[in-house]
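Below is one structure, written out as structure tokens; comments come after it.
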2 protein chains.
Amino acid sequence: MKLLLLSNSSAPGRAYLDHAREVIADHLAGIEELLFVPYALADHDGYTAKVASFMDGLGIRVSGVHTADDPRAAVAAARAVFIGGGNSFRLLKSLQERGLTEAITRRVCQDGVPYMGSSAGTNMACPTLRTTNDMPIVQPASFETLGLVPFQINPHYLDPQPGSAHMGETREERLTQFLHENDVPVLGLREGTWLRRADDALELGGVAAGARLFTTDADPAEYAPGADLSHLLSARVRFDHRAA
Amino acid sequence: MKLLLLSNSSAPGRAYLDHAREVIADHLAGIEELLFVPYALADHDGYTAKVASFMDGLGIRVSGVHTADDPRAAVAAARAVFIGGGNSFRLLKSLQERGLTEAITRRVCQDGVPYMGSSAGTNMACPTLRTTNDMPIVQPASFETLGLVPFQINPHYLDPQPGSAHMGETREERLTQFLHENDVPVLGLREGTWLRRADDALELGGVAAGARLFTTDADPAEYAPGADLSHLLSARVRFDHRAA
């Protein structure tokens with residue numbers, strides 16, 4: 001299995017995806033055409049054009065799954081799949097309505113087609129939507145996502161900001177609430193970081209700030225780029241453990 | 001119908017609910033006992049004790065619905081209901097599992113029992129959960145909430161912060177995404193503000209910053225404390241209008 005899961009698609013002062021150009025080129029080496037899933041944003045054509053413009057620089061053609069007469073057939077024939085960021089509830093609902101969650105999972109897990117996600121597309125790679133930062137603007141049939149990894153990821157992970165006037169929960173407080181209900185590791189991927197999976201190996205990449213891992217049985221742990229996180233692929237997970 | 005919907009329960013440098021003491025006292029005038037719904041937080045007893053401590057100053061006894069043998073009967077007998085803040089997904093799931101959404105709606109809409117909500121408890125008063133700020137740490141059976149008002153509220157409404165390094169969406173961008181999918185007014189209640197409903201009258205209260213109203217057919221509009229928002233009670237609402 002080949003996964004590249006980006007925390008974010010845009011970095012300050014950089015063009016779309018430019019901060020991850022090298023790792024994307026490596027992940028998609030040998031790929032000539034990519035199937036792009038634009039459902040997280042409202043403007044599917046515009047979003048696909050933006051991705052095509054970036055991928056053109058890598059010599060990769062892009063087709064938007066929304067233009068296919070049969071989106072499931074398009075997934076079954078895809079040589080690589082990229083799900084872009086936006087609103088993860090809208091994205092999941094669109095995937096479900098088109099029967100694409102199973103189709104993509106099968107193509108990636110069984111056929112070994114490279115999967116790339118950024119932000120909401122990284123949320124999709126987890127077992128559930130439960131650690132998204134997005135507003136639930138529409139109601140998906142369920143929170144079940146692709147399950148390409150067995151643990152949860154929180155993209156755009158943000159450290160508490162000292163001196164903030166905001167009285168709402170910090171991200172860490174939100175993830176602590178998640179852990180109270182679910183005995184499932186959550187990796188907070190800071191902006192500019194990503195995860196790469198090659199079969200049973202999982203490695204953190206990107207900027208020095210790295211990632212913060214939250215679990216029910218230990219204090220949060222910090223990981224730097226290059227860290228081997230393969231143990232998360234065999235983590236024990238129990239959703240709704242408090243209810244059980 | 002009597003509603004008091006607070007954006008938040010804690011203000012900087014003030015004790016729990018203290019910033020709204022006067023309006024709460026007025027809303028609950030003549031009430032001797034309040035039924036508190038603590039499900040949004042994990043520690044039901046601790047949360048109920050905190051509310052009891054505040055209400056004690058107003059001469060009001062508090063019982064936690066979680067201590068009732070039959071929570072639905074407790075709602076049916078309640079003289080006033082207060083749903084506190086916390087995680088709105090956990091709250092809604094708990095209400096649904098106990099059959100309390102219908103019970104509370106009936107008690108408030110048909111019997112005229114005063115309802116008070118703060119944060120997640122204010123989310124509950126809307127038709128759906130779709131404009132919560134919370135993380136979906138558990139999956140409720142549906143996003144349908146109490147529907148005590150026909151429009152949506154975004155509690156803890158936060159203006160864009162100039163110079164923030166955060167690359168995620170601003171609150172206004174999130175609500176704009178909501179409006180793209182739903183033709184339903186959303187009132188962004190800034191910290192320290194609240195709404196009061198008395199039958200067909202709806203008024204904004206609280207700090208000068210006031211509230212910001214988002215609709216599909218006009219630019220966002222600002223309202224100051226004292227503003228008459230009764231027109232929102234007869235607003236045309238259409239969820240999932242883009243899908244329809």
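Numbered from 1 within each chain, the chains take letters A, B, ... in sequence-line order. All values below come from the heavy atoms of this structure, side chains included, with hydrogens, waters and symmetry mates left out.
Here the CZ-CZ distance, from A/Phe89 to B/Phe143, works out to 5.0 Å after rounding to the nearest 0.5 Å. Here the NE2 atom belonging to B/His180 is positioned 10.0 Å from the CG atom belonging to A/Leu41, to the nearest 0.5 angstrom.
Contacts between residues 132-140 of chain B and chain A, counted as heavy-atom pairs separated by less than 4.5 Å, involve B/Thr132, B/Asn133, B/Asp134, B/Met135, B/Pro136, B/Ile137, B/Val138, B/Gln139, B/Pro140. Using non-hydrogen atoms only and a strict 4.5 Å limit, no part of residues 145-152 of chain A faces chain B.
If you measure heavy-atom distances from A/Thr128 to chain B, you find no contacts under 4.5 Å at all.
A/His44 is linked by a side chain to side chain contact (heavy atoms under 4.5 Å, CB included) to A/Pro38, A/Tyr39, A/His66, counting only residues two or more places apart in sequence or in another chain. Not counting sequence neighbours, the partners of A/Asp217 by the side chain to side chain contact (heavy atoms under 4.5 Å, CB included) test are A/Thr215.
By the neighbour-count criterion of 12 heavy atoms within 6.0 Å, atom CZ of A/Arg98 is densely surrounded, having more than that number from other residues, nucleotides or ligands. Residue B/Glu144 places its CD atom among 12 or fewer non-hydrogen atoms of other residues, nucleotides or ligands, all under 6.0 Å distant. Applying the 6.0 Å contact sphere to CZ of B/Arg196 captures more than 12 heavy atoms from other residues, nucleotides or ligands.
When every heavy atom of B/Ala42 is checked against every heavy atom of A/Arg242, the shortest pair comes out as O-NH1, 4.0 Å.
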